[in-house]
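Keep in mind that the numbers below use all heavy atoms, side chains included, and drop hydrogens, waters and symmetry copies. The model shown is predicted, which means the values in this text are computed figures rather than measured ones. Here is the naming used below: chain letters follow the sequence lines, and residue numbers restart at 1 for every chain.
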Amino acid sequence: MVFLGRPREPGLVQARDAGPWERWSLAALAAACVLLGLLPVPVLRALEPVAALLVGEGIGAPLEGGWLFLAPVSAQRASYSPLLFLAVIAAAIAGAWLLVRHAWRGCTRLADPWDCGFPAQTARMQDSAEGFGQPVKQIFEPFFRIEREVPDPFDEAPRYAARTSDRLWHWLYLPVAAAVARLSSLLAPLQHGRMHLYLVYSFATLLFLLLVIRA
Amino acid sequence: MSLAAQLIDLLAALLLLMAFAMLAQRRLMALIGLFAFQGALLAASTAVVAWSTGQAHLWWSAGLTALLKAVVLPLVLRRLAVRLAVARDVEPLVNVPTTLLVGIALVVVAFDLALPMAELAGTITRGTLGIAMACVLLSLLMMITRRRAIAQVIGFLSLENGLFFAATGATYGMPMVVELGIALDVLVGVLVFGIFFFRIRETFDSLDVEHLEKLGDRG
Amino acid sequence: MARDASFLLRFAPYCVFGCMVLAASIVPMVATGLPFAPAADVIALVGLLATARVFMALAAMDAGTAFGSMGARREMLVAGLAEPALLMVFFMPSLIVGSTSLTTIVETLAYQPFALHPSLAFAAVAFVMVLLAENARIPVDNPATHLELTMIHEAMLLEYSGRYLALMEWAHALKLMVYAGIGIALFAPWGVSPAGRWDLVPAALAALAAKLFIGGLALAILETVSAKMRIFRAPEFLGMAFLLAVLGMLILLLQGPPR
Amino acid sequence: MNALPGAIPARLAEVDAAGWRATGAAVRARGGRLLSLWAADRRDLGEGHVAFAAFAGAEGLLLLRLPLANRDAPSAPDLSDLFLPAVRLQRACTDLSGVAFEVARDPRPWLRHGAWPAGVHPLRRDFVARQSFAPVPDDYPFVSVAGEGVHEIPVGPVHAGIIEPGHFRFSVLGERVLRLEERLGYKHKGIEKRFETLAAAEAHRLAGRVSGDSTVAVAWAYAMALEAAWGVQLPARALWLRALLLERERIANHLGDLGMLGNDAGLAFGLAQFGRLKECWLQDNARLWCHRYLMDAIVPGGVGVDLATEQHADLHEAVTELEAEVLELRAVYDEHAGLQDRFRGCGQLSPDLALRLGLTGIAARASGQARDLRVDFPVLPWDVLGVRACTQTGGDVAARVALRFDEIAESLRLLRAVLDDLPEGDCRVPLPAPRAGLGLGWVEGWRGEVLVALETGADCRVRRCHPHDPSWQNWPALEHAVIGNIVPDFPLINKSFNLSYAGVDL
């Protein structure tokens, strides 16, 4: 996350924006989301045969309200009309803009942002991604294993470091991984790297499976 | 659905709300206040049952509940807390949201348990049995999560509230003699607890029940 | 207006204001059968409020000051927790009535024979908690504070002045009004005039004024007697709101519908 | 080593550079504290620069005098490894008097913010106060916390509320405060230089304006120093009336602080109630002493305004009323769950740390340091009044709030005692002819111990006056108290210390 557009570290001075192709792929995904939000009915219609095939039953009813309204049960009970919604929002925004234009003419004066009277603003004052996410992380702290190195006020060159890891990772995955590693080390003698031996394994397995099927 | 049944439902829901509030409350004084309010709700629900079924002894029971649980016991507890100088103490609690989540799970369990019983009961207030059960379970949970002895006693008393509510809701109350007996029992129990507190405090200079765990080691 | 800011800073007030106007036009406060009401139900309303909030937070970060992003950070924290609770609150009347459309909810609740809904009481408490959190009221944020380090909502508006600030503040007032309107529609819908009955509108207006007065008074008292909580108590507070709503829903499902 | 005149036990010792450090180490070993540190320019008298250090110990004050050899670039040994408060005192001393401290930990300027260039020292006798300089760029290097994602929040010097200017640089990660660095000095006004142009008998007016909320304390300390230097014996009535004024000032400030603490925790009710009480109290001040904050009520030689006997009843009544209301409000504060939740465990300073940092005043007493001049050195009138020391051990905001309540109760008791047994007699004596001398004034103000060191010249003027505010000791404590807390709790912690900016920027 970058604010103010200034690099926080010297190494980032050479950083450049992503190329058009990289941006395009993200833009396409975003556009698809917007389209899905705006025109759900055609999409749902297109999906209905698939749903019908899988579940044996289509959604049916919601699609009868025309392509403008999405009404899962009935217009009385729940309805959602994205295009109308968007139009009204756009109208409201435009209305607000016109109103302000009408009521107040004048130019906007540009000034420096509020600096509390301390003009020497540096890149270190930008919020960082870690900082932005910290509150949420603090709430879910019981679920994480965080090892922190917190500076003392007496430190002359204080530094902060934190390593976050998932508790589940330690409780569940690592034991499982260790078990698997142990198991595979037991099986390691089977691997000697000779091609025809591997073929023998495959052949034996095939034979075994065939026998099982037959039985 | 009759007005009485609706009122009982509402009071039952509020009773459950109080149980949750007590589970989440950190401060002892506020806890005692909540307990008093729960007692008042209990008395009100008993009164509603009495009114709708026309059973005279339930009126007595409602009055007794109101007097004992909404007035006397809270006052006694308050004075105890002040005398033990724990009135302003903040209870160290294990993660409130987690406790409450466990509480919600308990409510579901309670309703599940109460369902077959409620089917059997022919009273006007079938749904309330689950709530009464939930109140009991929540009070138990509260006793588990608390560290101060006085909070555990409140949990115990609130457990008794839940049982009492189950009795009135499911069977239109117990015979008068039983109720009087229970009421006296509770009173005596609290007195014993009161003396007990002072003994704990004299011995350990604190009301933290963790100290009691050391008793075993001393032999 | 900040020199380094992009068009977002200018655009956001209009957007926020537009969203709030639309939200206000959906909530039936005086009469049902509002022209825009079919366009959106309560879920879309939550989405609308969220849109406004996202633009506000983006604009706050746009100016690039430490305070703006601080406000945005806290707002996102509060909002992320308040939203599920709000949705839960909305689901409860929807379950009772069987519709997520505010118009239908109001019509059903206002004109059906009197019935006590215990679960609605839970929802009401949860809703008040969400209202306090979302509208920067006292236990969560202090709308009157001038301490840079504690504010949430104010910190995001730090870079605004003139008409933009007016729009933002107006939108904020509208938001409180919308919330009050939702609260009234869900929990005290009596006296709302039905669609097409113009003769009942004055009475409905009077009822609305009375309800708003009572609500405002209650809010003022609540704010006066409570202190602002630590910011990391807010999750607990909103978690409680969410759990209350869930509890109400449980009771509704388990006690069964009113017989 | 010779005793200094005056009521308080004080000694003066002249040392050399080795003795300077050795004495400091000895004081520290015996549990003493560094009170203040300053330098005086005596080149016009044919001597060099002189550095002074004031220590507080069990026997009273110890003033060290260290003549410095080099006339143009004087330097003194560093004391900051022995006493933490010395860090900033030495930096200020370097900025103002040009005394360098050898191997000082922190060579950055403290008061010099680019208003005058390096190498210019305003407190030297040859500095012309009326000259002005082109602003020099001020690139103060803050300590930065290394680590991924750590960012800084610059707050101040211009704050959104109406408070004094000071810059706070938070190094944070999200809401978690990793380090706080203060930068003060925005209110440097050249008060010490201004003193040198004033007549000693008149300069109490300036002393009373060093820090507006402790005007009685500083003015009393100044008067005490002058009376010590000139050998003035005060009538008992004057001292009792001074005690009355000091306790009134303490109560007014505590009332204001309690209201603001409530407000910072979002409880507007507290601000309204305490604001009302403080306002009534101040109006009484204005009615009886012609000034809301009691400025110029204390003059060298006594007090400016005597108290008429018929006013006793009024004051008694006000004390009784206030006592009842404060008790009631204390119950509200104690029982308010939300408020207590904010106060408890917030901004904690352990007694050990308080001792190490050499805290004074309410900040020290809230961290278990039973340290109160009125109790430790009970000179008249405190010995007769019998002050009880108030301490709290919590060290958090809640402890500082509780301590303020305790002190209000104790001050009200003292007020009553003063009103009951006020000695008859004069309240002011004429001052003798001016003469050269050195005197110390040491008073327990509401915030902590105020020290004024005064050197009068052979003419009627002040030669050097160094007023020392307890905030010097307590400001660094804030940097420690905030660690482990979150950013939005800082205003509350800051308010619970309520330190003076003006008093240290001078």
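- The distance from the OG atom of D:S36 to the CG atom of D:L89 is 5.0 Å, given to the nearest 0.5 Å.
- Note: A:F154 and D:H480 have tilted aromatic rings, judged against thresholds of 30 and 60 degrees for the angle between ring planes.
- For chain A, the nearby parts of D:L173 are the backbone and the side chain; heavy atoms of each come within less than 4.5 Å.
- Between the CG atom in A:L29 and the SG atom in A:C33 there is a gap of 7.0 Å [rounded to 0.5 Å].
- No part of D:L180 comes within reach of chain A, as not one of its non-hydrogen atoms sits under 4.5 angstrom from that chain.
- Between D:F170 and D:F168, the ring planes lie tilted relative to each other; the angle falls in the 30° to 60° range.
- Neither the backbone nor the side chain of D:Y140 comes within contact range of chain A, judged by heavy atoms closer than 4.5 Å.
- The candidate from D:H167, D:E175, D:E479, D:R169 with the greatest count of non-hydrogen atom pairs under 4.5 Å with chain A is D:H167.
- Most heavy-atom pairs under 4.5 Å with chain A, from the set D:P476, D:A146, D:S144: that is D:A146.
- Looking at A:P135, the atoms closer than 4.5 Å to chain D (heavy atoms on both sides) all sit in the side chain, from C-beta outward.
- Contacts of D:V172 with chain A are absent, with no heavy-atom separation under 4.5 Å from either backbone or side chain.
- Rounding to the nearest 0.5 Å places CG of D:D489 at 4.5 Å from CD1 of D:I486.
- Residues satisfying the ring pair (Phe, Tyr, Trp, His ring centres under 6.0 Å) test with D:Y501, not counting sequence neighbours, are D:W475.
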